[in-house]
Amino acid sequence: MSAVKSSGGDGINTACVFTSVAGRFGNGGQTDYSAANNIWDAEMARLTASGQARGVAIAWTGWRDVGMATRGSIEAIFEAAGIETLPVD
């Protein structure tokens, strides 16, 4: 929102951020990470609702066999929710 306000309305009509599905589904031990991603989602919705610009949050899924999506319970959560992970190759 600050970037849109700072622009003075000169040419910013869309803002895009990349978030994680962790904002929606969470994972044990990643409360802060999940909350931060959820905030980005909410801020983009608020930006769109304000009419100042269109806000888009793209929530990436996890990477298959590497990274945070392989830790803790997240693989089981993804499987139960029908969420596919991205292959590395």
Side-chain angles (χ1 to χ4, degrees):
M1 298 283 283
S2 294
V4 173
K5 288 178 185 175
S6 297
S7 74
D10 294 333
I12 294 181
N13 57 16
T14 304
C16 180
V17 296
F18 294 92
T19 66
S20 169
V21 296
R24 174 153 164 69
F25 294 99
N27 188 24
Q30 293 183 335
T31 305
D32 53 348
Y33 180 74
S34 296
N37 281 279
N38 196 33
I39 288 169
W40 276 120
D41 295 337
E43 284 299 307
M44 292 299 103
R46 188 167 68 117
L47 180 61
T48 298
S50 76
Q52 295 178 346
R54 180 171 183 233
V56 177
I58 299 172
W60 288 92
T61 188
W63 295 101
R64 188 172 303 140
D65 302 323
V66 296
M68 291 187 294
T70 62
R71 298 183 200 145
S73 61
I74 199 71
E75 286 179 304
I77 292 169
F78 278 13
E79 186 175 330
I83 298 171
E84 295 183 23
T85 54
L86 295 172
V88 176
D89 52 2

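Everything numeric here is computed off the predicted structure, so don't read it as measured data. In what follows, residues are counted from 1 in the order of the sequence shown.
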Separation between CG of Asn38 and OG of Ser20, rounded to the nearest 0.5 Å = 11.0 Å

Listed by chain and number, what are the side-chain contact (heavy atoms from CB on, under 4.5 Å) partners of Ala57, not counting sequence neighbours?
-> Val17, Thr19, Asp41, Met44

List for me each residue that meets side-chain contact (heavy atoms from CB on, under 4.5 Å) alongside Ile39, sequence neighbours excluded, and say none if there are none.
-> Glu43

Only one of Asn13, Thr14, Ile12, Leu47 passes side-chain contact (heavy atoms from CB on, under 4.5 Å) with Arg54, and that residue is Thr14

